[in-house]
Amino acid sequence: EVQLVESGGGLVQAGGSLRLSCAASGFRFDDYAIGWFRQAPGKEREGVSLIRISDGTTDYLDSVKGRFTISSDNAKNTVYLQMNSLKPEDTAVYYCAADPRGSWYYTTLELYDYEYWGQGTQVTVAS
């Protein structure tokens, strides 16, 4: 059974940092692409960042480039999202998601590319 468990969310002041973790199990980690998404109240879910585990390539939403960094620890089957210089507009529930085609398909930040989803973790940035 594929499982994705997010952790690391919380309340932080603007300009602060948080590191989110996505612990994956139930599948061959190297074959997948893992993405981070977020959904703010009243807004659509949007892709924030992704990493293609097989080759380590990454992609980012324009508004987080230079502030967020995605990485993976393949030995721990875990993907991290380091978020620096946080802004109130980063407030959202953050989800990680997995695309099982990651070793051969060019996964993007579109929601429809992902088959498995975690339960989400709340990030609140106070102004």
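All values below were derived from every heavy atom in this structure, side-chain atoms included, with hydrogens, water molecules and symmetry-related copies excluded. Just so it is clear, the structure is predicted and the values come from calculations on it, not from any experiment.
Clustering ILVMFWY residues whenever any of their side-chain heavy atoms sit less than 4.5 angstrom apart, transitively, puts Leu61 in a cluster other than the one holding Trp117. By the rule that hydrophobic residues join a cluster once side-chain heavy atoms approach within less than 4.5 Å of another member, Tyr60 and Ile34 end up as members of one cluster. Following chains of ILVMFWY side-chain contacts shorter than 4.5 Å, one can reach Tyr116 starting from Leu20, so the two form part of one hydrophobic cluster. Residues Leu4 and Phe37 do not share a hydrophobic cluster, defined by chaining ILVMFWY side chains whose heavy atoms lie under 4.5 Å apart.
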message: Could you go through Thr124 and Gln122, starting from their C-alpha distance and side-chain angles, then the distance that decides it, and tell me whether this counts as side-chain contact (heavy atoms from CB on, under 4.5 Å)?
response: CA-CA 6 Å; Thr124 303; Gln122 176 71 46; 3.3 Å; yes
message: Pair Val79, Phe29 - check side-chain contact (heavy atoms from CB on, under 4.5 Å), show working.
response: CA-CA 10 Å; Val79 170; Phe29 193 66; 3.7 Å; yes
- request: Go through the steps for Asp31 and Arg28 under the test salt bridge (charged side-chain N to carboxylate O under 4.0 Å, His left out), then give the verdict.
  value: CA-CA 6 Å; Asp31 288 344; Arg28 181 181 165 86; 3.3 Å; yes
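For the atom pair Arg38 CZ and Ser49 OG, the distance stands at 11.0 Å (nearest 0.5 Å). If you take CG on Leu50 and CG on Leu109, they are separated by 4.5 Å, rounding to the nearest 0.5 Å. We find the CD1-OG distance between Ile51 and Ser71 to be 6.5 Å, quoted to the nearest 0.5 Å. Rounded to the nearest 0.5 Å, atoms OG (Ser21) and CG (Leu81) are 9.5 Å apart. Here the CG atom belonging to Asp99 is positioned 3.5 Å from the OG1 atom belonging to Thr107, to the nearest 0.5 angstrom. Separation of atoms SG (Cys22) and CD (Gln3) is listed at 11.0 Å; rounding is to 0.5 Å.
Asp73 and Thr78 are not linked by any side-chain donor-acceptor pair at a separation below 3.5 angstrom, with hydrogens and angles left out of the test. Side chains of Ser17 and Asn84: a donor on one and an acceptor on the other come within 3.5 Å. With no hydrogens or angles considered, a side-chain donor-acceptor pair links Arg52 and Thr57 at under 3.5 Å.
A 4.5 Å side-chain heavy-atom check between Asp30 and Asn74 finds at least one atom pair inside the cut-off. A 4.5 Å side-chain heavy-atom check between Val123 and Leu18 finds at least one atom pair inside the cut-off. In this structure the side chain of Met83 never reaches within 4.5 angstrom of the side chain of Thr69, judged on heavy atoms. With a 4.5 Å cut-off on side-chain heavy atoms, Glu44 and Gln39 do not count as touching.
For the pair Arg19 and Tyr80, the cation sits on the ring face: its NZ or CZ lies under 6.0 Å from the ring centre, inside 45° of the axis. Seen from the ring of Tyr114, Arg101 does not count as a face-on cation partner, given the 6.0 Å and 45° thresholds. Annotation: cation-pi pair Arg45/Tyr95 present, NZ/CZ under 6.0 Å from the ring centroid and within 45° of its normal.
Considering every non-hydrogen atom in both Ser54 and Ser103, the closest pair reads OG-CA, 3.9 Å. Closest approach of Thr121 and Glu6 over heavy atoms only: CG2-CB, 4.0 Å. Residue Pro88 comes nearest to Ala14 through the heavy atom pair CD-CB, 4.1 Å, listed as atom of the first residue, atom of the second, then distance.
Between Lys65 and Asp62, at least one side-chain nitrogen of the basic residue sits less than 4.0 Å from a carboxylate oxygen of the acidic one, meeting the salt-bridge criterion.
For Trp36 and Phe68, the gap between ring centers reaches or exceeds 6.0 Å.
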